[in-house]
Amino acid sequence: METSSDRPGGSRRPWWGRIAAGLAVVGVLIVLVERFSLVPGFGGLFGEETRDRSGPALLKSIQDMARYEAAVGNFQVVVDLEKDAAFLPDAIRGTRTLYVGAGTVGGYVDLGALGERNVTVNGDRTKASIRLPHAVLGTAALDPNRSYAVSKQRGLLDRLGDLFSDNPAGEQAVQKLAAQHIDVAARDSGLAGRAEKNTTSMLEGLLRSLGFREVTVTYG
């Protein structure tokens, strides 16, 4: 039987074209198998080597601090974040991430605005009264060494999208949510009150070491 390639004028793909197409197919299969763990242990054949090529850190600015960091709270929260598509099943489109976020929140008293009107001393320098602003809580700082994703479930379309993403399965959303939950927990924990109590103890000890026998610290 005569084929189109055997007939005069018939077209046949060049040998290098067939090789390139074959290599492209093999490359796609390797990426899919490794990404979706279709063959257990297969990913180990393509071990990764990490090199740190970062430049030196540059000092941009220095800011003098005028606050007393009086207390630090350690918090942990389990975030269960699910995103669904309106008309598609979870197996096709949707993500669910279970994330453990651990971080700290600091409580501090701002001493930078203190002036003569905030400090009262009697004539013989035995009594001192100090009025301070209420303690303030800083924002939550997640600890990357103690925060981690427990599980990630993604639909088929989300997995395919990760193949072409610079940040596949990014955890930015769950990290932000974890920090928000920790901030709320810090406000309800009494951390600000502990910061004021510790600031009072620090000032009482400092002024008594300078000869004051009676020290009164108020906030507001």
Side-chain angles (χ1 to χ4, degrees), residues 35-37 48 50-86 88 90-114 132-202 219-220:
R35 173 71 70 179
F36 299 111
S37 302
E48 295 182 351
T50 302
R51 293 187 177 91
D52 186 2
R53 302 185 185 278
S54 306
L58 300 178
L59 176 63
K60 303 295 292 185
S61 65
I62 295 178
Q63 182 178 357
D64 294 331
M65 305 300 293
R67 65 188 191 186
Y68 176 64
E69 193 88 11
V72 176
N74 293 282
F75 299 87
Q76 186 179 73
V77 62
V78 178
V79 176
D80 188 350
L81 181 61
E82 184 175 4
K83 295 183 179 180
D84 298 322
L88 293 175
D90 294 343
I92 300 299
R93 183 63 186 272
T95 62
R96 183 176 182 180
T97 304
L98 193 64
Y99 181 83
V100 175
T104 59
V105 176
Y108 63 90
V109 176
D110 188 3
L111 305 178
L114 290 181
L132 301 173
H134 283 293
V136 178
L137 299 182
T139 56
L142 289 182
D143 184 352
N145 294 322
R146 297 189 295 125
S147 302
Y148 55 93
V150 178
S151 66
K152 299 178 183 178
Q153 300 175 11
R154 292 169 292 161
L156 178 61
L157 294 180
D158 298 279
R159 287 177 177 268
L160 291 176
D162 286 345
L163 293 175
F164 306 98
S165 173
D166 293 334
N167 184 25
E171 298 177 352
Q172 183 177 3
V174 288
Q175 291 173 350
K176 183 177 180 179
L177 193 56
Q180 291 174 355
H181 284 301
I182 290 176
D183 283 334
V184 173
R187 290 197 298 267
D188 298 334
S189 66
L191 183 61
R194 175 65 68 87
E196 291 182 0
K197 181 179 179 181
N198 291 344
T199 302
T200 299
S201 298
M202 181 273 294
Y219 297 87

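Just so you know, residue 1 is the first one in the sequence shown, and it goes up from there. Heavy atoms only: backbone and side chains are in, while hydrogens, waters and symmetry mates are out.
Minimum interatomic distance between Ser189 and Phe75 (heavy atoms only, all atoms of both residues): OG-CZ, 3.9 Å. Pairing each heavy atom of Ala135 with each of Ala192, the nearest pair is CB-O, 3.5 Å. Closest approach of Ile182 and Ala140 over heavy atoms only: CG2-CB, 3.7 Å. Across Gly106 and Leu191, no two heavy atoms sit closer than the pair C-CD2, 4.5 Å. Summarising the geometry of Tyr219 relative to Glu196, their closest heavy-atom pair is OH-O, 2.8 Å, with the distance given to 0.1 Å. Shortest non-hydrogen contact noted between Ala178 and Gly101 is CB-CA, 4.3 Å.
Counting heavy atoms from C-beta on, the side chains of Arg146 and Asn74 come closer than 4.5 Å. With a 4.5 Å cut-off on side-chain heavy atoms, Leu177 and Val77 do not count as touching. No side-chain heavy atom of Val136 sits less than 4.5 Å from a side-chain heavy atom of Asp110. At least one side-chain heavy atom of Leu132 sits less than 4.5 Å from a side-chain heavy atom of Leu111.
Under the 3.5 Å distance criterion, the side-chain polar atoms of Asn198 are matched with a main-chain donor or acceptor of Ala70.
Rounded to the nearest 0.5 Å, atoms CD (Gln180) and CG (Asp183) are 8.0 Å apart. Of the inter-residue distances, the one linking Tyr108 atom OH with Tyr68 atom OH reads 15.5 Å to the nearest 0.5 angstrom. Once rounded to the nearest 0.5 Å, the distance linking CZ of Arg194 with OG1 of Thr199 reads 12.0 Å. Here the CD atom belonging to Gln76 is positioned 10.5 Å from the CG atom belonging to Asp143, to the nearest 0.5 angstrom. Distance check, rounded to the nearest 0.5 Å: CG of Leu81 to NZ of Lys176 gives 12.0 Å.
Annotation: Ile62, atom CD1; neighbour count of heavy atoms from other residues, nucleotides and ligands within 6.0 Å does not exceed 12.
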Problem - Residue pair Val100, Val150: steps toward the side-chain contact (heavy atoms from CB on, under 4.5 Å) verdict - result: CA-CA 7 Å; Val100 175; Val150 178; 3.6 Å; yes
